[in-house]
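Side-chain atoms are counted along with the backbone in the values below, which use heavy atoms only and exclude waters and symmetry mates.
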Amino acid sequence: MCVLTGAGISAESGVPTFRDAQTGLWAKFRPEDLATPEAFARDPRRIWEWYEWRRELVRRVEPNAGHHALVQLAGLVPRLTLVTQNVDGLHQRAGSTGVIEYHGNILRDRCSAEGTLAERSTLSITGLPECARCGELLRPDVVWFGEAIPRQALLEADAAAAGCDVFLAIGTASVVYPAAGLAESAKRCGAKVIEINTEPTALTPLVDVSLCGPAGAVLPQLLQALRG
Ligand code: BV8
């Protein structure tokens, strides 16, 4: 089994999805306009303020029944590969292992010059986080629009989608590529595609089974049915 999750599985934990209007001071911005290297180059302070706001939110929330059900599901099938588009780390906090973080992780810092994970220097004069090794600006360790998916994650997710018997797309609008292409690849390779979402998506016309409802309720029911 290959499972792809999107922002919808974290919605019941209180993490706003990208579809939901940005709240508060971010209401006037579109994530697609903030999560880009150009936006960071233009105004790193604003982009860091947005990420610090999201980090604070992610640290305050807990995994929900949907995240926990996926941990149980992994124990019921011969092999389950979990690919997530989310950057909140909630699958790992629920106990999932081997999670493929297709779009990175918001809680890690990366040096914008060296490209590697980095510690923060304590001497930053600009107030923006700087690399303890080389002093250059740090950035969140996430994949922005227009940036390539980390090579290892890309290859592992492609292999899992092409080799699975069942592909489960949970809480994703299936509009962001290349992640949205994984279900199409699984289908082409003969897998059964199942979708769990609260509303129809771009993927719905392609799926074999569409389970309409919140992941936090549907996944435990699916688990119950599998246990018989
Ligand atoms: C790349 C990290 C090339 C950052 C993110 C035109 C056509 C096709 C593609 C493109 C195009 N123009 C540009 C592109 C490429 C672009 C793209 O796809 N753009 C889209 C907008 C059209 N893709 C990229 O740029 C990717 N890179 O292509 O690189 C390249 C190659 C080689 C070398 C150099 C470059 C990189 C994309 C990654 C962007 N980063 N996140 C951050 O988070 O800050 S994407 C970000 O948005 C999230 O990670 C997430 O993946 C995405 C939002 O999608 P969803 O997860 O689906 O969430 P969404 O809110 O949209 O939907 C929530 C769903 O849940 C809904 O369906 C809702 O009904 C449902 N739901 C709600 N509640 C529940 C629920 N379901 C169940 N239960 C509930 N309770």
Which pairs would a plain distance check flag for residues 72-80, meaning a side-chain donor or acceptor within less than 3.5 Å of a matching protein atom at least two apart in sequence or in another chain?
unit_1 : atom_1 : unit_2 : atom_2 : d
Gln72  : OE1    : Arg227 : NH2    : 3.2

Legend entry - Partner residues of Arg42 under the side chain to side chain donor-acceptor pair (under 3.5 Å) criterion, sequence neighbours left out: none
Legend entry - Over all atoms of both residues, closest heavy-atom pair of Thr201 and Ala173: CB-O, 3.6 Å
Legend entry - Cluster link Leu90 to Val218, ILVMFWY, side chain under 4.5 Å: no
Return all side-chain donor-acceptor pairs below 3.5 angstrom for residues 135-149, not counting sequence neighbours, or 'none' if the list is empty.
unit_1 : atom_1 : unit_2 : atom_2 : d
Arg139 : NH1    : Glu147 : OE2    : 2.7
Arg139 : NH2    : Val142 : O      : 2.7
Arg139 : NH2    : Glu147 : OE1    : 2.9
Asp141 : OD1    : Arg110 : NH1    : 2.6
Asp141 : OD2    : Arg108 : NE     : 2.8
Asp141 : OD2    : Arg108 : NH2    : 3.1
Trp144 : NE1    : Tyr51  : OH     : 2.7
Glu147 : OE1    : Trp144 : N      : 2.8

Inset, instruction - Would you indicate whether the side-chain heavy atoms of Ile9 and Leu219 approach each other to under 4.5 Å? - result: yes
Legend entry - Interatomic distance, Leu182 atom CG to Asp158 atom CG [nearest 0.5 angstrom]: 6.0 Å
Legend entry - Derivation and outcome, side-chain contact (heavy atoms from CB on, under 4.5 Å), residues Leu70 and Thr5: CA-CA 10 Å; Leu70 286 181; Thr5 61; 3.9 Å; yes
Inset, instruction - Measure the CZ-CG distance between Arg120 and Leu128 for me, rounded to the nearest 0.5 Å. - result: 9.5 Å
Legend entry - SG on Cys2 to CD1 on Ile100, rounded to 0.5 Å: 7.0 Å
Inset, instruction - Establish, yes or no, whether the cationic atom of Arg54 lies under 6.0 Å from the six-membered ring centre of Trp50 and within 45° of the ring axis. - result: yes
Legend entry - Linked, directly or transitively: Leu203 and Ile196 (ILVMFWY side chains, under 4.5 Å): no
Inset, instruction - Please tell me if the side chains of His68 and Pro63 come closer than 4.5 Å, counting only heavy atoms from C-beta onward. - result: yes
Give the table of side-chain donor-acceptor pairs shorter than 3.5 Å for residues 165-172, with sequence neighbours excluded, one pair per line with atom names and distance.
unit_1 : atom_1 : unit_2 : atom_2 : d
Thr172 : OG1    : Gln85  : NE2    : 2.8
Thr172 : OG1    : Ser174 : N      : 3.2

Inset, instruction - Can you measure from OG (Ser210) to CG (Asn197) and round to the nearest 0.5 angstrom? - result: 7.5 Å
Legend entry - Over 12 non-hydrogen atoms of neighbours within 6.0 angstrom of CD in Glu119: no
Legend entry - By side chain to side chain donor-acceptor pair (under 3.5 Å) - contacts of Gln152 (at least two apart): Glu156
Inset, instruction - Mind checking the CD-CG spacing from Gln221 to Leu211? Nearest 0.5 Å is all I need. - result: 9.0 Å
Legend entry - Any Val207 side-chain heavy atom under 4.5 Å of Ile194 side chain: no
Inset, instruction - Of all the heavy-atom pairs spanning Ser124 and Gly127, show the shortest one and how long it is. - result: OG-N, 3.1 Å
Inset, instruction - Nearest 0.5 Å please: distance from the CD1 atom of Ile106 over to the CD atom of Glu101. - result: 11.5 Å
Legend entry - Heavy-atom pair of closest approach, residues Glu114 and Cys134: OE1-SG, 3.7 Å
Legend entry - Side-chain donor/acceptor of Ser13 to backbone N/O of Glu62, under 3.5 Å: yes
Inset, instruction - Establish whether Val209 and Val3 are linked, either directly or via other cluster members, by ILVMFWY side-chain heavy-atom contacts under 4.5 Å. - result: yes
Inset, instruction - For residues Thr17 and Ala11, report the shortest heavy-atom separation together with the two atoms involved. - result: CG2-CB, 3.9 Å
Cut-off 3.5 Å, no hydrogens considered: what does the side-chain donor-acceptor table look like for residues 183-191, sequence neighbours left out?
unit_1 : atom_1 : unit_2 : atom_2 : d
Glu184 : OE2    : Tyr177 : OH     : 2.9
Lys187 : NZ     : Asp208 : OD1    : 2.9
Lys187 : NZ     : Asp208 : OD2    : 3.1

Inset, instruction - Taking Glu12 for its side chain and Asn64 for its backbone only, find out whether a donor-acceptor pair lies under 3.5 Å. - result: no
Inset, instruction - Mark yes or no for whether Ser10, through its side chain, and Ala7, through its backbone, hold a donor-acceptor pair below 3.5 Å. - result: no
Legend entry - Hydrophobic cluster identity match, Phe40 and Trp53, side-chain contacts under 4.5 Å: yes
Legend entry - Shortest non-hydrogen contact from Gly14 toward Leu57: O-CD2, 3.8 Å
Legend entry - Sub-4.5 Å side-chain heavy-atom contact between Glu199 and Thr204: no
Inset, instruction - For atom CD of Glu56, decide whether the heavy atoms of other residues, nucleotides or ligands shown that lie under 6.0 angstrom number more than 12. - result: yes
Legend entry - Donor-acceptor under 3.5 Å (Asn105 side chain, Leu107 main chain): yes
Legend entry - Connected via hydrophobic side-chain network under 4.5 Å: Tyr102 and Val176: no
Legend entry - Closest heavy-atom pair and its distance - Ser121, Leu123: OG-N, 2.9 Å
